[in-house]
Every structure is written in C-alpha cells, then in structure tokens.
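For reference, the structure discussed in these notes is given below.
Every chain is numbered from 1 and lettered A, B, ... according to where its sequence line falls, protein lines coming before strand lines.
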Amino acid sequence: MAYESIRGLLARESAGGRATVQGWLRTVRHAKELSFLEVSDGSCLSGIQVVANPETRGFEDVVRHLTTGSAIAVEGALVDSPGKSQEKGQRFEVHAAEVELVGAAGSDYPLQKKRHSFEFLRTIAHLRPRTNTLGAVLRIRNAASMAIHEFFQHEGFFYLHSPIVTASDAEGAGEMFRVTTLPLDALPKTEDGRIDEAADFFGRPAFLTVSGQLEAEIGALALSRVYTFGPTFRAENSNTARHLAEFWMVEPEVAFCDLDGLAELAERFLKFVFAKVLDRCPEDMAFFAERIEPKAIERMRTVIEQPFLRLPYREAIAILERSGETFEFPVGFGRDLQSEHERWLTEKHVGRPVVVTDWPASIKAFYMYRNDDRETVAAMDVLVGGVGELIGGSQREHRLDRLEATIRGQGLDPAAYWWYLDLRRYGSVPHAGFGLGFERLVQFITGMANIRDVIPFPRTPGQAEF
RNA sequence: UCCCCGGUAGCUCAGCUGGUAGAGCAGGCGGCUGUUAACCGCCUUGUCGCAGGUUCGAGUCCUGCCCGGGGAGCCA
C-alpha cells in the first residue's frame with residue numbers, strides 16, 4: 001500500500017478521496033462510539049486527526065488500546081472537518097476504514113502530550129525529534145542547509161570538501177581533539193623516553209579540524225570561489241548555551257576579493273538564506289514566533305530588508321565610549337568587543353545588522369591582511385540583534401614577506417606553514433573569506449536559547465551519548 | 001575552568017523555621033461528550049542524585065563527590 005505524507009495530505013486542494021497515513025500517535029481521545037487519534041509523521045509540524053468508529057476495522061482490538069507514541073498505519077477517506085473544528089484551524093481529517101498497529105509504545109513512553117523541559121528532552125535525544133520543537137528545528141536545519149548550498153551555487157562557488165583529520169595546529173582557533181591509534185595503556189616510547197609519534201597512524205600527531213579555512217584558501221587559489229560546509233571540532237572545556245564540541249561551519253573563500261567584497265558577500269548571503277527559510281518553512285517559523293521567540297520572524301525580516309551598516313572598529317569604540325551606557329566590561333582600542341557591546345551596537349544604537357571592520361592586529365589571527373596604518377587588519381564581524389556576532393571573516397594576508405614576518409612575530413615556525421606560504425609564492429592574489437557557525441545561525445532563526453537544542457546530537461564536555 | 005542555582009513518582013513540580021512524602025499529567029478501570037493539553041469518578045506508582053555527618057528523628061541542616069542548568073571566559 002502506498003502511503004502519503006501528512007504534509008501532502010494537508011496540501012490537497014479539497015477533501016474527498018482515499019487517504020493513507022502512517023506515523024506516530026501524539027495523543028488519543030476516546031469517546032463512547034468514537035476515537036480521535038492525533039497522528040504525526042514529521043513531514044510537517046501539523047499532525048492529522050484520524051477519526052475511528054465501531055465500523056473501523058481494528059476498532060475494538062487496536063484503536064481502543066492505543067497509547068501515545070505508538071506507530072500506526074491508517075487507511076480511510078479524507079474529509080472536511082466539521083464546522084467547529086474548522087474554526088480551530090483544522091481543515092481535514094481522516095475517517096478511518098482500518099487502523100493497524102505497526103509498533104506499540106508502552107505506558108512508560110517518556111514523551112507526554114504536554115510541555116517537557118528542553119533539559120529533559122536532551123536526556124532522550126533518541127526520542128526528542130518526535131516533539132514539535134525538535135521536529136521544527138530539524139526541518140529548519142534542512143531548509144537552511146539547502147539554502148546555503150543554493151546561494152553559493154548561484155554565485156558560482158564550488159563546494160570544497162575540506163579534511164576532517166588534520167596534522168596542522170595552524171590556526172590556533174582552539175583546543176584540538178587528538179586522533180590516534182596508539183594504545184593509550186602502552187604508548188610506544190623512543191629511546192629518550194618520549195612518546196614515539198612516528199609510530200602513530202599518520203606518522204605524526206593528528207587532530208580533528210578546528211576550521212577548514214586554510215584548505216579553503218587552497219581551493220580558492222585554484223577555483224576562485226569555493227565554500228566548505230562540514231563538521232568542526234573544538235576540545236574547549238566550555239559549557240555554555242553557545243558552544244558545542246562538534247558543530248557545523250560554513251566557510252566561503254574568494255580569490256581576487258578584498259574586505260569590501262567580502263562584506264557584500266556576507267550581506268547577500270544572510271539575506272538569501274533567511275528569505276528562503278521564511279519562504280519554505282512558514283509553518284515552523286510561525287511556531288517559533290508563537291512558542292519560542294516572538295521576534296524570530298521580525299528580526300529575520302530586519303536582516304533581509306535593511307542594508308547592513310559598515311562601521312570601522314575605531315568608530316565603534318568611539319561610539320561605545322560616548323554612549324553613556326554602563327557596561328560590565330571596559331571598552332577601549334585593543335580590546336575585543338564583548339557580547340554586551342555587540343548587542344548594544346546592533347540592537348540599541350543602530351537597529352539593524354552592523355559590520356564592524358578593521359580590527360586591531362593585536363587581537364586577531366596571524367593570517368589577516370595588515371592594513372596600511374600598520375595597526376589594524378582587514379577583519380570583519382557581522383553583528384545581528386539577539387545573538388551578536390554571527391559571522392567573522394577577513395581579507396587574508398597574501399604578501400609573502402608580511403605573512404612570514406607575522407608568523408615569526410607570534411613565535412610560530414614558518415616551516416610548519418610551508419604549504420600555506422607556498423600559496424603566497426606561486427601566483428598569490430588578494431583573497432578573503434568568512435566563517436559562520438551553522439548552529440548559531442539556526443539559533444538566530446529559531447530563537448532557541450540553547451545551542452544543544454538546535455543540533456540533533458549535541459556533543460559537549462562529558463556528553464556524547466546517542 | 002570560575003561564579004550562582006538545582007537534582008523529590010515515567011514527566012512537570014509542591015513539600016514553611018527538621019516530625020516519617022503529595023498534586024497535576026501519563027497508565028488501569030468505569031462514566032460522558034465530534035473530541036482538540038477534552039472532561040468527571042476510583043485505583044496504581046517513590047533507594048527524595050550518591051556517600052558520610054549532626055540529631056531521639058533528615059526530603060529539609062552540615063561536608064565531600066557526581067550530574068544538570070544559568071552566567072562568565074574561550075570562541076563559531
């Protein structure tokens with residue numbers, strides 16, 4: 001028997017005709033001669049109401065004993081709901097000719113037909129996709145992912161698969177996870193008693209990637225425009241609502257591009273992705289606006305409709321110093337902007353997204369392009385209301401002598417960056433790129449407060465179940 | 001890693017200044033109604049996070065540990 005998705009059923013022009021549904025029971029209501037089954041299959045937020053009566057095959061032996069969480073298959077007719085139900089927004093329902101139990105769920109099924117705390121749901125990550133909120137999050141993740149690919153494909157970018165395992169601790173972006181096949185209880189030692197790393201799988205220390213950027217630069221200096229979109233790992237012991245040990249990152253890299261071009265790209269990118277998500281997930285977005293974050297839709301519209309403000313770091317600091325606000329953390333040239341500063345700037349002072357450019361070299365990474373003032377680098381942070389920094393990027397230092405000097409100046413060994421420096425030796429061109437934490441993007445879209453609730457299987461310190 | 005808060009039934013939570021554990025939901029039985037977090041009646045459910053300590057007596061007070069959450073730092 002061919003089954004139709006509930007999304008498909010609800011999208012029909014009109015009632016009438018055969019309807020087949022398979023899914024999981026959200027709740028059951030029994031009356032004397034009738035049973036009402038709320039069935040959901042995850043194809044959309046809405047479930048569909050199935051009505052069974054004594055004529056329904058399986059009424060006595062199946063329907064009357066159904067419990068929340070059970071999987072069932074229904075065959076029947078799609079009909080218009082009665083007038084009163086229509087007022088509640090329920091257009092169609094299925095009058096069941098037959099209800100079949102596919103997989104029962106016992107009375108210990110943890111998901112009740114009521115609110116659960118997100119904290120509890122995290123402990124049952126194998127069942128939480130069946131909830132309204134997580135289901136909506138997963139559909140939004142899907143739509144946003146596809147929109148990201150669409151955007152870059154339309155703009156002539158190539159999807160580059162950067163490696164997960166890397167031997168370079170190049171970027172200093174954070175603590176790394178070691179990847180090894182060495183036996184931890186009997187490490188091979190060299191003659192002087194140190195761990196024999198040459199005996200390891202790759203013949204040298206290896207780690208999970210903290211960024212695909214350096215490899216993306218290789219791609220950009222061959223294909224001109226590339227992007228990566230893959231998992232990224234940070235072994236930081238940070239336990240906050242904004243950090244994961246494993247998350248997904250989007251990193252476009254563009255050859256023959258400066259910071260201005262990059263800021264324009266970032267702006268087009270965010271506007272495109274948000275517009276697609278709003279267009280394709282209206283039901284899920286209405287849910288988030290109603291139940292999670294009232295401003296979820298409004299603030300995406302702000303990003304889509306308002307031009308971003310370009311603001312050099314130096315001016316941002318001056319504005320903050322003159323603001324008269326009392327901040328918890330000090331403001332001053334050479335200090336990073338704190339979340340409270342970012343949010344005040346974009347939410348209170350400007351009221352639309354802000355791109356802060358040209359940051360002090362002292363607080364930014366070695367690979368960023370040194371501006372003519374010698375004091376700042378061509379870096380940018382895109383700040384949006386609600387979450388602060390959504391995108392961080394920079395024009396890269398493409399001048400060999402400058403890059404080598406900075407690497408040495410930071411006490412790093414140029415030999416370790418030989419291939420990265422080679423890119424500056426052979427046909428170097430100005431290029432730029434940015435990084436976007438995908439889960440933070442989904443947090444902004446949905447308004448979900450905790451990053452662990454916007455990824456199906458969160459990894460955090462001490463947590464890797466499921 | 002630091003600061004703060006918390007851990008009581010399958011879930012959400014109550015339990016005041018110590019006196020021996022409760023409500024709603026879920027589940028079972030019955031009733032009722034085209035029901036919508038349905039409703040009404042009855043019934044079942046607990047190593048009160050773990051280990052010590054104080055006390056005649058600890059869910060309640062003290063200490064340590066484990067786990068979770070919020071905030072901070074690091075960052076995406």
With rounding to whole Å, what would you report as the distance between B/U45 and B/C40 at their P atoms?
23 Å

Once you apply a heavy-atom cut-off of 4.0 Å, does A/R26 come out as touching a base, just sugar-phosphate, or nothing?
nothing

Take atom CD1 of A/I124 and atom P of B/G68, then tell me their distance rounded to the nearest Å.
16 Å

Tell me what A/Q49 touches on the nucleic acid: a base, only sugar-phosphate, or nothing, going by heavy atoms under 4.0 Å.
base

Does some side-chain heavy atom of A/F288 sit less than 4.5 Å from a side-chain heavy atom of A/I445?
no

Does B/A58 have a Watson-Crick or wobble mate here (both distances under 3.5 Å), and if so which one?
none

When the C1' atoms of B/C4 and B/G18 are compared, how many Å lie between them, rounded to an integer?
26 Å

Work out how far the C1' atom of B/G46 is from that of B/U12, and round it to whole angstrom.
16 Å

Ignoring the backbone of A/E119, work out which of B/A38, B/G71, B/G68 is nearest its side chain.
B/G68

Using a 4.0 Å heavy-atom cut-off across all strands, classify A/I391 as base, sugar-phosphate, or nothing.
nothing

Could you check which nucleotide pairs with B/C25 in any of the strands shown, counting Watson-Crick or G-U wobble with both distances under 3.5 Å?
B/G10

Would you say A/S81 and A/R91 are linked by a side-chain donor-acceptor pair, where the criterion is simply a distance under 3.5 Å?
no

A/L244 CG - B/C74 P separation (whole Å)
18 Å

For A/H65, report the nucleic acid contact type (base, sugar-phosphate, nothing); a contact means any heavy atom under 4.0 Å.
nothing

If you compare every side-chain N and O of A/R242 against the phosphate oxygens of B/A72 (OP1, OP2), does one of them come in below 4.0 Å?
yes

Within the structure, does a side-chain N or O atom of A/R452 lie under 4.0 Å from either OP1 or OP2 of B/G69?
yes

Closest of B/G68, B/C75, B/U1 to the A/S339 side chain is B/C75

Just checking A/N450: base, sugar-phosphate only, or nothing, at a heavy-atom cut-off of under 4.0 Å?
sugar-phosphate

Taking a pair as Watson-Crick or G-U wobble with both distances under 3.5 Å, which nucleotide is matched to B/U20?
none

Round to the nearest Å and state the distance from A/L37 atom CG to B/A38 atom P.
12 Å

Whole-Å gap separating C1' (B/C67) and CG (A/N237)
15 Å

Would you say A/S238 places a side-chain N or O within less than 4.0 Å of OP1 or OP2 belonging to B/C74?
no

How is A/R122 classified with respect to the nucleic acid when contacts are heavy atoms under 4.0 Å: base, sugar-phosphate, or nothing?
sugar-phosphate

Applying side chain to side chain donor-acceptor pair (under 3.5 Å) between A/Y367 and each of A/E397, A/Q213, A/H398, report the one that passes.
A/Q213

Could you work out the separation of B/C67 and B/G49 based on their C1' atoms and round it to a whole Å?
7 Å

P spacing across the pair B/U35 / B/G30, given as an integer number of angstrom:
22 Å

Under a 3.5 Å limit for both distances, which nucleotide forms a Watson-Crick or G-U wobble pair with B/C50, could you say?
B/G64

For atom CG of A/L127 and atom P of B/G10, their distance in whole Å
16 Å

Considering only heavy side-chain atoms of A/N239, the closest of B/C74, B/U1, B/G71 is B/U1

Have a look at A/T240 and say if it touches a base, only the backbone sugar-phosphate, or nothing, with a 4.0 Å heavy-atom cut-off.
base

Considering only side-chain heavy atoms of A/S117, which listed nucleotide, B/A38, B/U12, B/G34, is closest?
B/U12

Looking at A/R396 and A/E253, is any side-chain nitrogen of the basic one under 4.0 Å from a carboxylate oxygen of the acidic one?
yes

Taking atom P in both B/C43 and B/G6, what distance in whole Å separates the two?
35 Å

Residues A/R310 and A/D358 bridged, charged N to O under 4.0 Å
no

With nearest nucleotides of RNA chain B determined for A/F247 and A/E38 from heavy-atom distances, which residue corresponds to the more 5′ nucleotide?
A/E38

Exercise: do A/Q338 and A/R343 side chains pair donor with acceptor under 3.5 Å:
no

Could you check whether A/N132 and A/R26, counting side-chain N and O atoms only, form a donor-acceptor pair closer than 3.5 Å?
yes

Side chains of A/Y420 and A/E217: is there a donor and an acceptor less than 3.5 Å apart?
yes

Calculate the interatomic distance between A/F118 atom CZ and B/C11 atom P; express it in whole Å.
17 Å

Using the P atom in both, what is the distance from B/C62 to B/U54, to the nearest Å?
15 Å

Do the rings of A/F233 and A/F177 sit parallel, tilted or perpendicular, given the 30° and 60° boundaries?
perpendicular

Re B/C2: Watson-Crick or G-U wobble partner, both distances kept under 3.5 Å, found to be B/G71

Rounded distance in Å - CZ (A/R64) to P (B/G27)
14 Å

From B/G34, B/C75, B/G28, nucleotide with atom closest to A/R234 side chain:
B/C75

Rounded to whole angstrom units, what separation is found between the NE2 atom of A/H30 and the P atom of B/G28?
8 Å

Could you tell me whether the side chain of A/E93 has a donor or acceptor atom within less than 3.5 Å of a complementary atom in the base of B/G34?
yes

Rounding to the closest angstrom, what is the interatomic distance between B/G15 and B/U1 at atom P?
32 Å

Would you say a side-chain N or O of A/Q90 is under 4.0 Å from OP1 or OP2 of B/G34?
no

Once you apply a heavy-atom cut-off of 4.0 Å, does A/F120 come out as touching a base, just sugar-phosphate, or nothing?
sugar-phosphate

Identify which nucleotide among B/G73, B/C74, B/G34 has an atom closest to any side-chain atom of A/F36, counting heavy atoms from C-beta outward.
B/G34

Whom does B/U45 pair with, Watson-Crick or G-U wobble, provided both distances fall under 3.5 Å?
none

What does A/S35 touch in the nucleic acid at a heavy-atom separation under 4.0 angstrom: a base, only the sugar-phosphate, or nothing?
nothing

